[in-house]
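Start at 1 and go down the list; that is how both ligands and their atoms are numbered. When a residue number appears, it is its place in the shown sequence, counting from 1.
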Amino acid sequence: MNMTPDRWMKTCDYLDDVFNDADAHLQNLMPRAIEAGVPNIAVSSSVGRLLHMMTKTVGAKTIVEVGTLAGYSGTWMARALPDHGMLITIEPESLHADISQRGFDEDGLTDRVRIVRETGLVAFPKLIEEMGEGSVDLVFLDAIKHEYPDYLPHAKKLLRSGGLLIADNAIGSTEWSVVNPAGSHPNRDGVDRFNRLIADDADFDGCCVPIREGVLMARKR
Ligand SMILES: C[S@@+](CC[C@H](N)C(=O)[O-])C[C@H]1O[C@@H](n2cnc3c(N)ncnc32)[C@H](O)[C@@H]1O
């Protein structure tokens with residue numbers, strides 16, 4: 001199939017349109033947040049739907065997300081949790097954390113979501129200490145892309161055997177792509193390294209779903 005960048009984006013828009021946001025809360029969440037000053041960098045509805053499905057598929061009860069923004073991806077995942085399930089989502093920006101907390105409350109998810117107001121690299125070791133190794137069913141990475149290789153050892157420790165690591169932007173963003181030359185962007189280099197670390201890690205079965213900016217999925221053996 002001949003897939004020009006324009007055709008690719010139109011295809012992704014088509015998928016977002018057909019497999020749309022589930023309801024008004026999700027549809028309004030990002031427009032409202034953007035009006036309040038949050039950047040327009042949430043996952044697409046197709047990726048949100050994928051996160052929802054994968055949460056259910058692995059029967060996740062405990063999820064750790066790095067990069068909450070306004071809680072769009074978090075809402076998709078938290079809604080898929082069973083009663084007493086918990087999404088722990090890490091977000092150092094107080095505007096983002098405040099807005100996402102409001103959204104989670106409005107959606108009836110207060111008891112299922114805890115926002116950790118720290119950076120990923122500060123929060124991860126504390127969560128490992130608090131929750132224990134092998135205690136998490138799903139880890140979703142969507143914060144600082146060039147830090148992905150640094151998140152990996154922490155995520156691996158947290159995940160149980162059979163747990164799922166998911167990372168957004170595994171093939172690029174509007175500003176960079178993994179197929180650009182090495183050294184062209186720190187995020188390109190960080191994500192390229194991360195992808196290769198997963199591919200070479202005997203403890204993971206990994207692949208990349210190339211919707212939107214690429215979603216890496218790796219199951220811990
Ligand atoms: C791409 S957005 C997350 C989008 C969100 N997952 C969604 O799809 O709805 C990245 C978020 O990471 C946050 N962030 C920035 N630096 C961070 C860090 N060092 N650790 C964790 N999160 C960080 C940003 O404030 C931003 O809200």
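- No side-chain donor-acceptor contact under 3.5 Å links N187 to the backbone of G190.
- At a threshold of 4.5 Å between non-hydrogen side-chain atoms, the residues K157 and F124 do not count as touching.
- Residue K145 places no N or O, backbone or side chain, under 3.5 Å from any N or O of ligand 1.
- Distances below 4.0 Å separate heavy atoms of Y72 from the following atoms of ligand 1: 9 (O).
- Below 3.5 Å of separation, one finds no N or O of E93 facing any N or O of ligand 1.
- Among residues two or more places apart in sequence or in another chain, the salt bridge (Lys or Arg N to Asp or Glu O under 4.0 Å) test is passed with D21 by none.
- Nearest non-hydrogen protein atom to atom 10 (C) of ligand 1 is D142 O, 3.1 Å.
- Using modelled atom types, no side-chain atom of D192 and backbone atom of V178 make a donor-acceptor pair closer than 3.5 Å.
- One option in G67, P92, S173 has a heavy atom closer to atom 14 (N) of ligand 1 than any other, and that option is P92.
- The nearest protein atom to atom 19 (N) of ligand 1, hydrogens excluded, is given as T119 CB, 3.5 Å; this is a heavy-atom distance.
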> Run the salt bridge (charged side-chain N to carboxylate O under 4.0 Å, His left out) check on R212 and D168 step by step: do they pass?
Replying inline: CA-CA 9 Å; R212 281 281 166 188; D168 195 32; over 6 Å; no

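- Contact atoms of ligand 1 toward A143: 12 (O), 21 (C), 22 (N), 23 (C) (distance under 4.0 Å to a heavy atom of the residue).
- Between Y72 and W76, the ring planes lie perpendicular to each other; the angle is over 60°, past the 30° to 60° tilted range.
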>> As a quick check of understanding, evaluate salt bridge (charged side-chain N to carboxylate O under 4.0 Å, His left out) for R160 and D137, giving each step before the final call.
In response: CA-CA 6 Å; R160 68 163 162 88; D137 305 297; 2.6 Å; yes

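- At least one N or O atom of S73, backbone or side chain, sits closer than 3.5 Å to an N or O atom of ligand 1.
- Considering only heavy atoms from C-beta on, S100 stays 4.5 Å or farther from T89 through its side chain.
- A donor-acceptor pair is defined here as one N or O able to donate and one able to accept, closer than 3.5 Å; no such pair exists between the side chain of K220 and the backbone of A218.
- Between I41 and ligand 1, a contact under 3.5 Å exists for no N or O pair.
- By the 4.0 Å heavy-atom criterion, M30 is excluded from the residues contacting ligand 1.
- Atom numbering of ligand 1 starts at 1 in the shown order; those under 4.0 Å from a heavy atom of E65 are 6 (N).
- Residue E91 has at least one N or O atom closer than 3.5 Å to an N or O atom of ligand 1.
- With distances taken over non-hydrogen atoms, the option nearest atom 18 (C) of ligand 1 out of L141, I144, V116 is I144.
- Looking at E65 and S73, their side chains do bring a donor and an acceptor atom within 3.5 Å of each other.
- Interface atoms of ligand 1 facing V43, defined by a heavy-atom separation under 4.0 Å, are 7 (C), 8 (O).
- Listed by number with element, the atoms of ligand 1 under 4.0 Å from a non-hydrogen atom of V66 are 21 (C).
- In this comparison of A42, A123, G120, the heavy atom closest to atom 20 (N) of ligand 1 sits on G120.
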